[in-house]
2 protein chains.
Amino acid sequence: MNLQETIANFKNYTDKMYSLQMAVEMFNWDMETGSPKGGISAIAKYMGILSSEAFGMSISDEMNVFITELQKNENKLDDITLAMLRMCKRDFESSKKIPKEEMRKYIELIANSGEIWKKAKMENNYNMYAKTLDEIIKYKIKFIDYRGFKEHPYNTLLDDYEPGMTVEKLDIFFGKLKETIVPLLKRINNSTVKLDDSYMKQHVSKETQEKISHVLMEKIGYDLNRGMLKQSTHPFSTGFGKNDCRITTDYIENDMLASFYSVMHEAGHAIYEQNKMDEIANTILDIGVSTGIHESQSRFFENVIGRSYEFLESIYTKIMGLVGENLKDVTLQKLYESVSLTPIRIYADELTYALHVMVRYEMEKDIISGNYDINDLPKIWNEKMEEYLGIIPENDTMGILQDIHWSQGDFGYFPSYALGNAYSAQLLSYMQKDINVIECIKNDDIVTITKWLTKNIHKYGAIKTPIELIKNISGEELNVDYLIKYLEDKYTKLYNL
Amino acid sequence: MNLQETIANFKNYTDKMYSLQMAVEMFNWDMETGSPKGGISAIAKYMGILSSEAFGMSISDEMNVFITELQKNENKLDDITLAMLRMCKRDFESSKKIPKEEMRKYIELIANSGEIWKKAKMENNYNMYAKTLDEIIKYKIKFIDYRGFKEHPYNTLLDDYEPGMTVEKLDIFFGKLKETIVPLLKRINNSTVKLDDSYMKQHVSKETQEKISHVLMEKIGYDLNRGMLKQSTHPFSTGFGKNDCRITTDYIENDMLASFYSVMHEAGHAIYEQNKMDEIANTILDIGVSTGIHESQSRFFENVIGRSYEFLESIYTKIMGLVGENLKDVTLQKLYESVSLTPIRIYADELTYALHVMVRYEMEKDIISGNYDINDLPKIWNEKMEEYLGIIPENDTMGILQDIHWSQGDFGYFPSYALGNAYSAQLLSYMQKDINVIECIKNDDIVTITKWLTKNIHKYGAIKTPIELIKNISGEELNVDYLIKYLEDKYTKLYNL
């Protein structure tokens with residue numbers, strides 16, 4: 001077989017892998033947006049079989065041959081093929097040691113555990129979920145045993161989501177945040193200025209909130225011809241290639257900002273996915289490069305744009321026209337200042353967000369090291385929440401049961417959220433050298449911002465690594481100082497410190 | 001490998017095939033119930049790849065080995081394994097001659113052609129669709145060339161949907177209908193009694209029609225914990241195993257009976273699927289045995305139950321309470337007599353339904369023989385409609401463009417609808433020997449009817465062949481005389497002939 005044939009076969013092979021992954025995503029989308037309850041275990045079975053099939057393909061002898069053959073000719077490959085090779089090689093080397101049958105069982109466990117978590121959360125009953133969570137953790141630990149690790153077992157999981165990320169780097173990252181943001185939060189709590197958003201907690205119907213979602217999506221350029229909004233328990237984004245990138249939100253009738261910022265956030269993910277270059281459409285590169293970079297885009301839309309005074313100014317009249325009487329006293333300034341401490345991560349403001357993540361980071365590090373008692377986790381959660389945020393969750397539904405991630409086996413994922421915040425502040429800093437970001441937001445010109453992001457991030461999909469992307473833009477690796485400065489500037493001003 | 005291991009491997013293998021088929025169904029469900037327009041060609045690509053994969057598995061060397069090994073031990077196999085073997089062998093032998101790559105291209109064509117058909121139908125523009133339809137037909141003919149046929153090329157397609165069905169049998173079947181029902185229809189048209197349902201063509205909102213759907217579904221025992229109703233352009237039913245059987249309808253605001261009978265029909269399909277025995281859940285046998293038997297169940301619920309005076313009586317008050325002023329003059333008798341000639345098959349009454357199918361049967365027979373000019377088809381359609389039904393469709397949207405089937409490559413499928421009518425009349429005749437069907441309907445006791453159907457049909461899924469099922473019940477093969485008698489009795493009474 002000549003090189004061109006090998007490349008063509010390799011691409012057909014990866015297209016098949018991608019199609020299987022898309023099928024699993026589709027079953028998941030269907031399930032999360034309201035499939036019949038009675039069929040969930042069957043859907044879980046199909047997802048298990050198809051994921052296992054995709055996984056099997058990623059570690060097959062056939063894949064091994066492709067990798068070997070293509071590596072021999074690396075200097076003759078174009079960028080896209082090279083990126084595909086890099087991705088496949090990484091997956092091959094990280095996964096080939098996990099027995100396929102164990103992986104299949106694990107995937108089936110995961111497919112069923114979402115419902116168990118949902119029920120436990122609804123009934124505020126951690127015990128109902130503890131056994132499943134423990135099984136998931138034991139699989140994660142066992143898989144790391146198979147896969148091996150460098151320095152710290154948790155590194156293996158971190159690297160899955162953010163290539164190159166380590167406990168060593170994150171200890172420094174969160175260490176700096178702990179040194180700066182935890183004291184800043186204490187100063188805020190002691191400040192004479194008292195901000196909260198309780199005046200926002202008024203009834204706004206689901207129908208009105210849906211209209212608000214559409215105002216936001218149109219405003220920021222989320223293309224609904226290639227996307228769609230639905231409702232689910234936990235807002236998420238997913239996609240089936242760059243031309244079909246979907247999001248969900250959850251409407252809380254006495255807290256319209258919850259969905260407001262969920263939509264900004266998830267649409268940010270979707271806009272990233274929609275703006276990849278056509279050359280990689282529907283290939284294995286037609287995804288975001290890492291969860292950290294993905295989160296930087298969602299956070300950019302949610303926070304840098306969505307929580308800016310100028311953005312809120314630009315939509316204030318329209319939104320107020322929709323929400324009606326109950327919120328008529330909310331001025332633009334009040335909307336902007338609607339900051340509150342919340343025990344719920346997904347509703348957290350920019351300042352405390354990373355602290356929510358820090359709680360999870362520290363817990364995961366211990367859990368994955370095997371240093372945990374499944375029954376103690378709720379208590380540890382609450383203790384850390386009190387120490388870093390000064391909040392004790394009322395109950396486990398508001399505490400350890402709030403996130404879907406662990407029920408999906410996504411350990412190592414949470415740090416990405418904080419990385420996303422840090423990347424987005426770093427991007428903002430460099431973006432401002434090229435364009436006047438605030439003026440763009442003021443002038444309803446989000447498209448100029450999106451173009452910058454497309455040129456530097458979106459278009460590449462998974463062609464470049466996170467480190468390449470951020471170095472190309474800023475000449476340095478991820479640096480948490482930009483985020484700290486951004487938060488200190490914004491919040492010392494807000495609270496008159 | 002011992003026999004038990006071979007059986008276990010065979011079942012894992014077919015489970016994988018089934019999961020791939022379910023994934024294709026899920027993409028289709030998603031697409032038909034409203035996926036983003038921009039992503040459809042990508043979804044089509046995934047469907048093409050996964051269908052092709054499932055198809056490849058059905059004709060692989062591995063499958064050949066399973067078939068050979070299991071056949072050697074046929075006398076040691078239980079009924080379920082035997083039925084799986086029979087099904088796989090049938091698929092293997094019918095398909096192994098089609099080149100995989102051509103099948104992949106065909107599946108991709110099909111996945112895209114639904115949208116082309118939809119647009120052509122919406123814009124009443126047959127030409128927009130003619131080229132695609134012609135391509136599909138050429139594939140069908142070419143595939144029959146590969147596969148071979150007995151007596152008539154169309155037989156190969158008929159047998160796909162209804163094992164054992166042939167042009168010879170259907171010529172007799174439709175011949176008898178032509179001899180009896182076409183003249184009966186002429187007598188009706190000359191009768192002094194003039195029935196029509198124009199008084200039903202009043203505005204009923206989509207929301208109200210949704211409520212009516214739920215009244216019907218509850219009434220006939222369609223389990224929504226294991227099912228779901230959505231909207232799509234063309235009503236259909238689909239499923240992901242016996243515990244997740246879904247249906248769609250389409251609401252026409254000035255024709256509530258359209259959706260009324262679509263829901264009865266599709267729920268009939270779903271009830272069949274939901275009542276299969278647990279032993280075959282989520283295996284390749286967890287499907288209906290043939291399209292004809294499937295249609296017999298949907299037609300039973302739609303016609304035998306749904307169009308009976310007693311059923312309409314039992315829900316009359318509830319329905320009239322929902323529809324409000326616009327239909328206040330519709331008495332129960334008028335509701336029962338709401339019969340009309342329509343150019344649209346899916347809205348046809350029981351009497352003319354088989355004649356609609358006859359138009360398609362005769363055309364398909366010619367088309368598949370290669371005796372067609374793609375540009376003449378609309379004209380031929382209209383001529384046959386006039387000859388058999390005395391109706392000339394106003395335009396192609398109401399004529400040749402009305403059905404989705406050809407755009408999905410489903411040639412050979414239409415006769416099943418007429419077979420369904422005939423089977424259902426035959427079943428009714430034998431059911432009445434065991435239970436008092438009319439009393440059951442009167443007493444809101446649909447469950448007794450469903451139990452009879454479950455015992456004789458539903459529970460078997462694809463374990464028994466259609467011929468076995470109908471012979472077990474009635475001691476004879478399909479016989480169109482029961483349908484003719486049922487229609488003559490009902491319609492001579494209705495029209496006082």
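Numbers restart at 1 for each chain; the letters A, B, ... are given by sequence-line order, proteins then strands.
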- [ ] Evaluate whether atom NZ of Lys119(B) has more than 12 neighbouring non-hydrogen atoms of other residues, nucleotides or ligands under 6.0 angstrom away.
- [x] no

Open item on the list: Taking CG in Asn2(B) as the centre, count heavy atoms belonging to other residues, nucleotides or ligands within less than 6.0 Å. Is the count above 12?
Closed with: yes

- [ ] Please say whether more than 12 non-hydrogen atoms of neighbouring residues, nucleotides or ligands are located less than 6.0 Å from NZ in Lys219(A).
- [x] yes

Open item on the list: Is it true that, when you exclude Lys451(A) itself, more than 12 heavy atoms of the residues, nucleotides or ligands shown sit nearer than 6.0 Å to its NZ?
Closed with: no

Open item on the list: Counting heavy-atom pairs under 4.5 Å with chain B, which one of Lys242(A), Arg226(A), Glu53(A) comes out on top?
Closed with: Glu53(A)

Open item on the list: So Trp29(B) and Asp30(A), do their side chains get closer than 4.5 Å, heavy atoms only?
Closed with: yes

Task: Among the listed options Gly34(B), Ser52(B), Gly227(B), the residue most often paired with chain A at heavy-atom distances under 4.5 Å - done: Gly227(B)

- [ ] For side-chain contact (heavy atoms from CB on, under 4.5 Å), just list the numbers for Leu20(A) and Leu20(B), CA-CA rounded to whole Å, side-chain angles, deciding distance to a tenth of an Å, and then say yes or no.
- [x] CA-CA 8 Å; Leu20(A) 287 165; Leu20(B) 287 165; 3.7 Å; yes

Task: Residues in residues 35-46 of chain B that sit under 4.5 Å from chain A, counting heavy atoms only - done: Ser35(B), Pro36(B), Lys37(B), Gly38(B), Gly39(B), Ala42(B), Ile43(B), Lys45(B), Tyr46(B)

TODO: Select, from Leu224(A), Asp244(A), Asp223(A), Val24(A), the one with the greatest count of heavy-atom pairs under 4.5 Å involving chain B.
DONE: Asp244(A)

Open item on the list: Are more than 12 heavy atoms, taken from residues, nucleotides or ligands other than Glu218(A), located less than 6.0 Å from that residue's CD atom?
Closed with: no

Open item on the list: Just verifying a value: how many Å separate Met26(A) CE and Glu25(B) CD, rounded to the nearest 0.5 Å?
Closed with: 13.0 Å

- [ ] Measure distances from Asp15(A) to the heavy atoms of chain B and classify the residue's part below 4.5 Å as side chain, backbone, both or neither.
- [x] both

Open item on the list: For the NZ atom on Lys11(B), are there more than 12 heavy atoms of other groups (residues, nucleotides or ligands in this structure) within a distance under 6.0 Å?
Closed with: yes

Open item on the list: If you count every heavy atom of other residues, nucleotides or ligands that lies below 6.0 Å from Lys118(A) atom NZ, does the total exceed 12?
Closed with: yes

